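These notes concern the structure reproduced below.
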Number of protein chains: 2
Amino acid sequence: MLEIETLSPPRTFSNLKPWLQNHYRDLPKRLQSVAVFALHNPDVIALNTVAVISEQAGVTPSTMVRFAKSIGYQGFSDMQEVFQQSMRHVPQPYSERLSSMQGPVDLEQTVLSQFTQAATESISRLEQQADEAAIKQASLQLACARTVYIAGQGRAEPVVAYLHYTLVKLGIHATLLQGTSPTITDKARMLREDEVLVAISFSPYTANTKELVDVCLGNGVKVVAITDSTLSPIARTDDYHLEVLEEEVSGFRGLSATMCLALCLAVEAGKQRVERQEMALS
Amino acid sequence: MLEIETLSPPRTFSNLKPWLQNHYRDLPKRLQSVAVFALHNPDVIALNTVAVISEQAGVTPSTMVRFAKSIGYQGFSDMQEVFQQSMRHVPQPYSERLSSMQGPVDLEQTVLSQFTQAATESISRLEQQADEAAIKQASLQLACARTVYIAGQGRAEPVVAYLHYTLVKLGIHATLLQGTSPTITDKARMLREDEVLVAISFSPYTANTKELVDVCLGNGVKVVAITDSTLSPIARTDDYHLEVLEEEVSGFRGLSATMCLALCLAVEAGKQRVERQEMALS
DNA sequence: TTTTTTATGAAATAAATATTCCAAAAAGTA
DNA sequence: TACTTTTTGGAATATTTATTTCATAAAAAA
């Protein structure tokens, strides 16, 4: 009978890799071929059933289970979890920690490290999936506008304040659009076609900001929306919208990535404005 | 009974996204929340069972199946395939990402990547050199205070707004201290000894905020300062001060790390307040 | 309001999936 | 060679997982 590893098996894919390299020569022929397959196609193992995987690997389902057990896993499913873990977008706190840090680690993450981790993750996502072209187009609207109006409530208010501060510093004429429901809508009606509204809103969405967007779009005023989802009621196909999603930690969402996006938008607008002015002079 | 889409459903995640955007409004409440969850956490849907996913999404398994069917899929499994497909050929996030970070940096960096990089560095520095104990002590002051007053101008204003928003959400009594020079100093004189001032100020420092700090310290009011340097005039040895330094990109400083710190401070204060209340009860 | 329709969750059922078992084949040993 | 040990694949079983059903709750319509 096949010797089965009794010690606890690798709990991360990056630990499993060297394990397989070390034990490769001691494995039976079929199990060796599974090892090679596993190292080359981790995503296949993560996303399929034993039947499908074993077929692709050219072995029988039983062999697949035996392979997992020979490493020390309770069964195939147990091993599959490790492969799935390596694909998850949000790294689970302690599994990644074990591989990167050696020795006993404090299981309790500090509040600070939880939030910095979430912030880093959010910013990284912003960089990867943000639409560079959309930012350029949106900033062009701000650069061309005679005046930029900025609106947003609740968690969006800090973003509004920062965008306003930065645009003004860059010499772009920007104004806050503040107030309660009936007043602010009236203000929105005053916007001209050569002006732009920047609407910032996050889940849970306030009907208030949506109203502004509707009024402006109805009057032919350009709208740039910053939101955390394209499902947001203020996201439309006929305006310019930017998406930024903040990772959540125990119910709290930060604003790190959002602030970064706001700064980009403002700086890009500043650059485009300078380019336009140079064009006009020549 | 719920109308079920009879036409063939989207076969890729990138097609599913706009589908959900267009039909979002027509969906029942629970199905809407599933739609939001699905767009925000595609990896969770790809890698888990209905039981696990529906729990995370805050709905029942039945709802999950209904959601899939309402789009036109045969069932949950059919829909899950689409989510899995979007992950299949994606290279391993971590190993790939790290190796690309170490390589030579792109010569032409986009504005976005410049700022995300600066933000990431700032946050990383915050995590490494922030004084965990100082955060705890400062948050304890906020937790004990009858009212927390928050002041700051210019680039600090977004931070003031965010801290205020978060503290209030956590049930901590917080008020903005706004106004121009003579008025605001008068307001500061009203603070009692069981209240706390949070002063936020960055280089170049405004004399204004310093004045507030001096007034408060003179009256025995506790002050928590957030600044970008211990050289800041509002940083003293006898108050609680937190330091956060934002990396600069061609003259612009972001607020990503600062926002992260503000959130930490608020959440930590919220935690300590709960602990205090539990102590009081026993 | 009352009636009708629609939406929802819990439990029962059906389907699929992983795991175990065992006979047979292959490899190793004397 | 004959005997023992290990490995393998296929079928039976146990378990998990998705799906359907149905009673009830919530909206919408009358």
Side-chain angles (χ1 to χ4, degrees), chain A residues 1-6 9 16 20 23-38 41-85 207, chain B residues 1-6 9 20 23-38 41-85:
Chain A
M1 215 233 285
L2 179 68
E3 267 288 329
I4 283 178
E5 191 74 20
T6 47
L16 177 57
L20 286 175
H23 295 74
Y24 179 76
R25 53 188 194 143
D26 307 328
L27 292 173
K29 209 185 299 182
R30 288 296 146 99
L31 264 42
Q32 284 187 345
S33 71
V34 173
V36 172
F37 182 85
N41 309 74
D43 55 311
V44 172
I45 302 211
L47 294 167
N48 294 87
T49 66
V50 263
V52 174
I53 300 164
S54 51
E55 152 125 41
Q56 284 198 43
V59 298
T60 59
S62 327
T63 306
M64 214 65 222
V65 176
R66 258 196 297 277
F67 175 75
K69 290 203 166 182
S70 72
I71 301 172
Y73 296 109
Q74 278 194 274
F76 169 78
S77 304
D78 190 25
M79 180 183 75
Q80 191 180 40
E81 276 181 25
V82 172
F83 284 80
Q84 291 181 337
Q85 194 60 49
Chain B
M1 214 230 289
L2 178 67
E3 268 290 329
I4 284 179
E5 192 74 19
T6 47
L20 286 174
H23 295 74
Y24 179 75
R25 297 154 225 276
D26 310 327
L27 291 173
K29 197 163 46 171
R30 287 293 144 95
L31 265 41
Q32 284 189 344
S33 72
V34 174
V36 172
F37 182 86
N41 310 74
D43 54 308
V44 171
I45 301 214
L47 294 166
N48 294 86
T49 65
V50 261
V52 173
I53 300 164
S54 53
E55 157 140 28
Q56 284 198 40
V59 299
T60 58
S62 326
T63 307
M64 214 65 223
V65 175
R66 258 196 297 276
F67 175 75
K69 291 203 166 182
S70 73
I71 301 172
Y73 296 108
Q74 278 194 274
F76 169 78
S77 304
D78 190 25
M79 179 183 76
Q80 192 180 38
E81 276 182 25
V82 172
F83 283 80
Q84 291 182 338
Q85 193 59 47

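Just so we're clear, the structure is a prediction, and the values are computed from it rather than from any experiment. What's counted below: heavy atoms across the whole structure, side chains too, no hydrogens, waters or symmetry copies. The chains referred to below are lettered A, B, ... by the order of the sequence lines, with proteins before strands, and numbering in each begins at 1.
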(message) On a heavy-atom basis, which atom in Arg30(B) and which in Val59(B) lie closest, and how many Å separate them?
(response) CD-CG1, 4.0 Å
(request) Find the distance Met64(A):CE to dT20(C):P and express it as a whole number of Å. (result) 15 Å
(request) Would you check if Asn41(B) and Gln56(B) make a side-chain contact, meaning some heavy-atom pair closer than 4.5 Å? (result) no
(request) From the options dT19(D), dT20(C), dG9(C), select the nucleotide whose nearest atom is closest to the side chain of Ser62(B). (result) dG9(C)
(message) Could you tell me if the side chain of Val44(B) sits less than 4.5 Å from the side chain of Val52(B), heavy atoms only?
(response) no
(request) Kindly indicate whether the side chain of Arg66(B) and the base of dG9(C) share any N or O donor-acceptor pair separated by less than 3.5 Å? (result) yes
(message) Of the options dT19(C), dT8(C), dG10(D), whose atoms approach the side-chain atoms of Thr60(A) most closely?
(response) dG10(D)
(request) To the nearest Å, give me how far apart OH (Tyr73(A)) and C1' (dT20(C)) are. (result) 21 Å
(message) Please check: side-chain N/O of Gln80(A) versus main-chain N/O of Asn48(A), any donor-acceptor pairing under 3.5 Å?
(response) yes
(request) For the side chain of Thr49(A), starting at C-beta, report the closest nucleotide among dT8(D), dA18(C), dT19(C). (result) dA18(C)
(message) If I take atom CD in residue Glu55(A) and atom P in nucleotide dA18(C), what distance separates them, rounded to the nearest angstrom?
(response) 14 Å
(request) Give the rounded distance in Å between these two atoms: CE of Met79(B) and C1' of dT17(D). (result) 15 Å
(message) Looking at every heavy atom in both Ala35(B) and Leu20(B), which two are closest together, and how far apart are they?
(response) CB-CD2, 4.2 Å
(message) What is the separation between atom CG on Leu27(A) and atom P on dT7(D), rounded to the nearest whole Å?
(response) 9 Å
(message) Closest approach to the side chain of Phe76(B), judged atom by atom: which nucleotide of dT19(D), dT20(C), dT8(C) is it?
(response) dT19(D)
(request) For Lys69(A) and dT8(D), give me the distance from atom NZ to atom C1', rounded to whole Å. (result) 16 Å
(request) Could you check how far CG of Asn48(B) sits from C1' of dT17(C), rounded to whole Å? (result) 16 Å
(message) What is the separation between atom CZ on Phe67(A) and atom C1' on dA18(C), rounded to the nearest whole Å?
(response) 17 Å
(request) Name the residue closer to the 5' end of DNA chain C, choosing between Lys29(B) and Ser77(B) according to the nucleotide with the nearest heavy atom. (result) Lys29(B)
